[in-house]
Amino acid sequence: MPDYANPLLSSRINDTFFADILEQAADGIIIIDDRNRIVFFNTAAEQLWGYPASTVLGNDVNTLLPLEHRDHHTGYITHNRQTGNHRVVNTSREVTFVRSNGDYVAAELSLSTALLGPEKKRYYMAFIKGVTEEVHRRKLLELQSQVFTSLAGYTTIQDVADMLCNKVEKLVPNSIAALLLVTSHGGISILSAKNLPGSKAKQLAGLVLTPSDMEDLRKHPHHAYAVVWQHKQSHEPSTDLHDCWASAICNGTGELLGIFVLFSCNKDKITDWPQKIVTGCIPSCASIIEHERTRYRISQYNNIDPLTGLLNRSALTTRLKQMAAQTGQAPFAILMLDVDLLQDVNNVMGYNSGDIVLQTVARRIASLCRAQHLVARLGSDDFVVVMPGADRTKSCKLAHDLNCIAREPIEVKGRDLVASLSIGISLYPDDGTEIEEILGASEIAMRQAKKQARGGFRFFGKDGNSNVRERLIIGSALREALHKKELYLVYQPQVCALTGTLCGVEALSRWQHPSLGFIPPSTFIPIAEETGQIEAIGLWSLEKSCEQIRKWEQDNVYVPIVSVNMSAVHFCSMDLPEQILSTLQKYSLAPQRLTIEITESVAMRQDPETASNLKAIRDMGVGLSMDDFGTGFSSLSRLAQLPLTEIKIDRSFVENFENNISSLVVAEAAINIGKRLGIKVVTEGVEHEAQETKLQELGCDILQGSFYSKPLRAEEIPLWLAARPSRRASRG
């Protein structure tokens, strides 16, 4: 019986029984001896590598390995022989090797080792199964999944493109991948090609595709090879690139997006299996480019005003910061434009008509301004033009030209509308170096132009800025003033012109700020109206005044009436009558003890809310007084329709009785109007006896002013009454 214990006794293993069996194996089998020489190479291995066994046997196994692994392989085997530590032996792994024709083959490798023969020499046996198609298909699917996952996250487009190229370069060793973008006009730009030689990158970026090229690429994606490779210029510097595989990238509608190309660094010609890799990557490349386009469109949308197509505020601010960051701080002018009377167009003709006006004005501004000017719409009816290198003279010229083109008629719904612009101008860096500061300066100037001369322009002035700063500081402090009890009321007595007795008091708001000091009403009341805080102050005054009347009652001090000022804002709320009634009930006061003072502008309003509130207040028995009568544009017919109980003649008609006969005539006329209407007449600003005498002669009912008393704190009213008991009013 033959001895099969040591089949490798002969150096010609092919002659053994086991060698015949291994020779028939479907997988490639390679055996190396103790000196790393190939001693067995079966038919399947020949087919995988493309070499006949006769040219392989006896050679070092390194000849079968890719070049990049040869330098390290001998050291790995030596380490295993010496230590017995198996890192690869008895495991299965994927490997890539080069066939005789230069193709790269993917395979699964299983490695085993054994000590054979009398001398117990270590042999290694490798089983190799070619799996190129399966591996490539799986890795392409994995790559596509990685691309989609990255695009869905926060990874940049550049990083995703670089990742795809890097993965493909590993799939096809000794290659360089590049993802190229094609513009609608045939220009080419490189999205990713980190390993591409600079000369080749420059040559690609300089290509411009002809319409014929682009049409061929859409119909025949593999025409990309001719575009990328055959367009090589004869004078192009030599590189290590010897061939390429390429494919055009189109989206679902057939639009040409780009080209994906894989350059070969192998001198020997390789078969076209890498082309399958390139083609398999096209869906991933299309996704990357489409995603980039979507991001760009979103970015454009985020930077563009959708109504006019101009830059929006965010984009304008970014550009201005870039201009300000340039060395030398090159000057520029900011012109802020407000379209006058646009709100009237919206109210009368509708917002669609207003949009037509804005779009027309925007087109005219853009057409006038040269390409180096920035033009933006900030929102609503405000535009901005930024003029680089401008001074006051150039800014004036541009502002004049802008208003000229704005005044040209705009046809809307068959009507010719004429617009005008109120323009504010600020200069960088003269009026500020911070972008928000310089924009704010132009807005301040624009508001001044709108207030003083619509259709004109104004330059920013430092005084205007200080006023704005003051309003900001006071407006901010005012929000906390009520909560911190910094506001308080004073009361100015009103006396009967004939008897001198107390008729009532007017409640007046005062503010003592802990750091800003005393802030006069003429300063904080307008700011309260602008910032919407006047409503809270008015309701607070109503509450405190009614509470104070009750306290005086408890101290046996009788004040017949308290007058409280209410602004136009209060009369927009249908809750006002109920708020007044509930406050009176809370302090058990008869309605006749309260008078609401309104401005002439409120009295002249004819909207349903104001009319309803005035009637409801008067119906409950509360008095109504028109303040500052004679200073506005009161209509006598309108005055006759109002449920007023008194009118207050403004102090300006009393101040110059002696020297201005016109003031006296107006005061007399106002008193006569009140008498004819059957309402009381109160005159403010009485400061000396001559004025009192004249007003008594004219028949004025009630007098108020410093001649009788300055505004007093609540605790001072009893002292003022005690000083002249005759002033005390009868409870009737």
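Predicted, not measured: the structure shown is a model, and the values here were computed from it.
Between the side chain of Glu46 and the backbone N or O of Phe41, no donor-acceptor pair lies under 3.5 Å. Remark: the backbone N or O of Pro429 is not paired with any side-chain donor or acceptor of Thr433 at under 3.5 angstrom. For Thr113 (side chain) and Tyr123 (main-chain N/O), a donor-acceptor pair under 3.5 Å exists by modelled atom type.
Within the model, atoms OG of Ser264 and CG of Leu241 stand 8.5 Å from one another, a figure rounded to the nearest 0.5 Å. Within the model, atoms CE of Met214 and NZ of Lys219 stand 13.5 Å from one another, a figure rounded to the nearest 0.5 Å. From Leu358, atom CG reaches atom CZ of Arg377 across 5.0 Å, with rounding to the nearest 0.5 Å. Of the inter-residue distances, the one linking Ser110 atom OG with Met125 atom CE reads 10.5 Å to the nearest 0.5 angstrom. Interatomic distance, Ser426 OG to Ile334 CD1, rounded to the nearest 0.5 Å: 4.5 Å. His223 contributes atom NE2, which lies 6.5 Å from atom OG of Ser212 (distance to the nearest 0.5 angstrom).
Between Val261 and Trp229, the closest side-chain pair of non-hydrogen atoms is not below 4.5 Å. The shortest distance between side-chain heavy atoms of Ile38 and Leu64 falls below 4.5 Å. Residues His185 and Val208 form no side-chain contact, since every pair of their non-hydrogen atoms from C-beta on lies 4.5 Å or further apart. No side-chain heavy atom of Asp34 sits under 4.5 Å from any side-chain heavy atom of Glu119. Between Glu142 and Lys167, every side-chain heavy-atom pair lies at or beyond the 4.5 Å cut-off. In this structure, Leu143 and Cys281 have side chains that are in contact, with non-hydrogen atoms separated by less than 4.5 Å. Residues Leu320 and Leu439 are in side-chain contact: their nearest non-hydrogen atoms beyond the backbone lie under 4.5 Å apart.
Ring geometry for Phe332 versus Tyr428: interplanar angle under 30°, hence parallel rather than tilted (30 to 60°).
Classification of Arg293 and Glu255 as a salt-bridged pair holds, one side-chain N sitting under 4.0 Å from a carboxylate O.
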Task: Derivation and outcome, side chain to side chain donor-acceptor pair (under 3.5 Å), residues Thr210 and Asp213 - done: CA-CA 5 Å; Thr210 66; Asp213 282 332; 3.2 Å; yes
Open item on the list: Set out, in order, the CA-CA distance, both residues' side-chain angles and the distance that settles side chain to side chain donor-acceptor pair (under 3.5 Å) for Asn312 and Ser314, then state yes or no.
Closed with: CA-CA 6 Å; Asn312 61 19; Ser314 175; 4.7 Å; no
